[in-house]
Undergrad: 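Okay, here's the structure, questions in a sec.
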Number of protein chains: 2
Amino acid sequence: MTDNKINKEGRIGAANKQLILNAAEFEFAKHGFKGTRIQQVADRACLPKTNVLYYFKSKENLYLAVLQQILDEWNSVFDHATKEDDPAEVLAKYIAEKMEFSLTRPDASRIFALEIINGAPNLKGFYKENNVAWMEGRVEVVQYWIETGKIQTPNAYYLLYHIWACCQHYADFSAQITHLQGKQMGESEFEEATKAIISLVLKGCSLEIPEKYR
Amino acid sequence: MTDNKINKEGRIGAANKQLILNAAEFEFAKHGFKGTRIQQVADRACLPKTNVLYYFKSKENLYLAVLQQILDEWNSVFDHATKEDDPAEVLAKYIAEKMEFSLTRPDASRIFALEIINGAPNLKGFYKENNVAWMEGRVEVVQYWIETGKIQTPNAYYLLYHIWACCQHYADFSAQITHLQGKQMGESEFEEATKAIISLVLKGCSLEIPEKYR
DNA sequence: ATAAAACCTGACCAGATGGTCAACTAATAT
DNA sequence: ATATTAGTTGACCATCTGGTCAGGTTTTAT
C-alpha cells in the first residue's frame, strides 16, 4: 500500500487550491500584494476566508504559490534556440509567443511586473540564478548571430529587453491602451500588434520578415 | 496690500511640502499606494507623522499630489511636432527625452506604471481627456508621415506604444536589468541603450539614423 | 507690541485585517 | 463498522495604521 499517513491532499483539496489560486491571481494582479484582502480572494473563490487560510497558511504563502505557478509557465521556443537557427524565424516566433501570453494571461504578466517594480523581493535565489543562466545562454546565441553578421543590432541584452518591453506593454498597460483607443483590444488587434512588433524588431535588426508574419 | 487672510502658505510650508512630496514619491514608487505607510514617508522626510497629515489632509490626498507633480513634468518636443518636421529627428529626440526621464526620474515612471497596472483609478477626467486629445494629435502627425511615405510602419498607435514600452522598461524593470547584467546601469549604459532604441525604431520604420544619434 | 495666522506634535482612537482556534462534518481506508 | 484524516467554518483576537484633537510654539503682518 502507499504510505498515506499524513498531509495527503484529496481531490477536493486539489480542486479548491486551484480555485483559490485563480482567484488570488486576479486579485493580486489588480491590487498588488498589500492591496489584496484575503476576504476578496475568498469571495471570488466563493469560499469562506478561513478556508483559504486552511489551504495556504498565510497571505504571503498564497502569493508565493501564485508567483510560482506563473514562473512555471514561463518557457518558450527561444529556450532551446541555437546558433544555427534562423534568427528571423526564432525572433518572430518568440514575439508571437510573448504576445500570446499577454493576450491570454494578462494578470500573470501584471503580477510579474508588480513584483519587479517592487524590486523583486519575492523572486528568491533559485529562480534568480536560473534566470541569469537562461539569459546568458540566450545572449550568447544572439551575440553569435551579431558577430557572424546574421543580424545587425547594437547589443544582445538590449534587444531582448526591447522585445519583452513591447510585448508586456500590451498586458501591463492595457488600461491605458483601452482608454487611448476608445475600446479594448481583441484577438484581431493583438494579431495586428504582434505583426507590428515583429516588423519593428526584424527590420530593426536588418532581417527579412518571414512570409507568415507579414 | 495683498489679501492674505486665510490659507496662505508660508516659506516653511512650501519647503516642507516639497520635502514630503519627494519622500512620498520614493515610498509610493517602492511599495505602491496600499503598501506605503504614512509613517515611512514621515521618517524619510524626517518629520513626525502628524506633520505630514497637517500638510496633506489624507494619504490619498498626498498620493494625488505626488501624481499631479509627475503629470506636470510630462511634456516633450513631440508635443509640438508637426507634419512638416523630419520624422527621424523628431522620433530620435523623443526617444532620447524619454530615456533621460527614465534615467533621472525612475520613481516617477514606476508610480505611473503602478497606477496604470491598477487600472488608473486615480487618473481622473481632466488628465484622461487631455491625454486622449494629445494622442489623437500625435497619431495624426504620424499617420500623415505614413501616408506620404516618409516612414514605413504598420500602425501609428502601436509605434508610439513600442517607444514608450522600450523607454519605460529601463525605469520600471531596472531591478531585473541590474540582476541580469550583474550591475546597475549608469549614464553611459543609458546612452548605449538610448542609441539601441533609436536604432531599432528608426530602422524599423525604414528611416536613416541622424548622425548625432549613432 | 500684538494679534492672527501658520506651524508643530504627543496622545489617542476606531476600524480594518491577517491570522488562530475549537468544534464540527465529510471522505476514505481497512 | 469505525477510525483516521481531510475539509469546513463561525467566533474571536492582536495588531497595525490612517486619521483626529487639543494644546502648544513660531512666524508674520501691521
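Per chain, numbering begins at 1; letters A, B, ... match sequence-line order. Keep in mind that what you see is a predicted model, and the values were worked out from it rather than measured.
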Undergrad: One pair to check against side-chain contact (heavy atoms from CB on, under 4.5 Å): B:Tyr54 and B:Ile20. What are the steps and the verdict?
TA: CA-CA 11 Å; B:Tyr54 170 72; B:Ile20 294 166; over 6 Å; no
Undergrad: Answer yes or no: does a side-chain N or O of A:Tyr55 lie under 4.0 Å from OP1 or OP2 of D:dA6?
TA: no
Undergrad: Near B:Lys93 NZ, under 6.0 Å, is it more than 12 heavy atoms from other residues, nucleotides or ligands?
TA: no
Undergrad: Does the separation of the ring centres of B:Phe26 and B:His31 fall below 6.0 angstrom?
TA: no
Undergrad: How close or far is atom P of C:dT20 from atom NZ of A:Lys57, stated in whole angstroms?
TA: 9 Å
Undergrad: Distance from B:Phe101 atom CZ to B:Cys167 atom SG, nearest 0.5 Å?
TA: 11.5 Å
Undergrad: May I have the distance from A:Phe56 (atom CZ) to C:dT20 (atom P), rounded to whole angstrom?
TA: 16 Å
Undergrad: Please enumerate all residues that pass ring pair (Phe, Tyr, Trp, His ring centres under 6.0 Å) together with B:His169, with sequence neighbours excluded.
TA: A:Tyr161, B:Phe173
Undergrad: Output the residues of residues 24-54 of chain A in contact with DNA chain D, where contact means a heavy atom of the residue under 4.0 Å from an atom of the strand; sort by number or write none.
TA: A:Pro48, A:Thr50, A:Asn51, A:Tyr54
Undergrad: Are B:Asn61 and D:dG18 close enough that a side-chain N or O sits under 4.0 Å from OP1 or OP2?
TA: no
Undergrad: Could you measure the distance from the CG atom of B:Leu160 to the CG atom of A:Leu180? Nearest 0.5 Å is fine.
TA: 9.5 Å
Undergrad: Return the value, rounded to whole Å, for the distance between atom CD of A:Glu60 and atom C1' of C:dT17.
TA: 16 Å
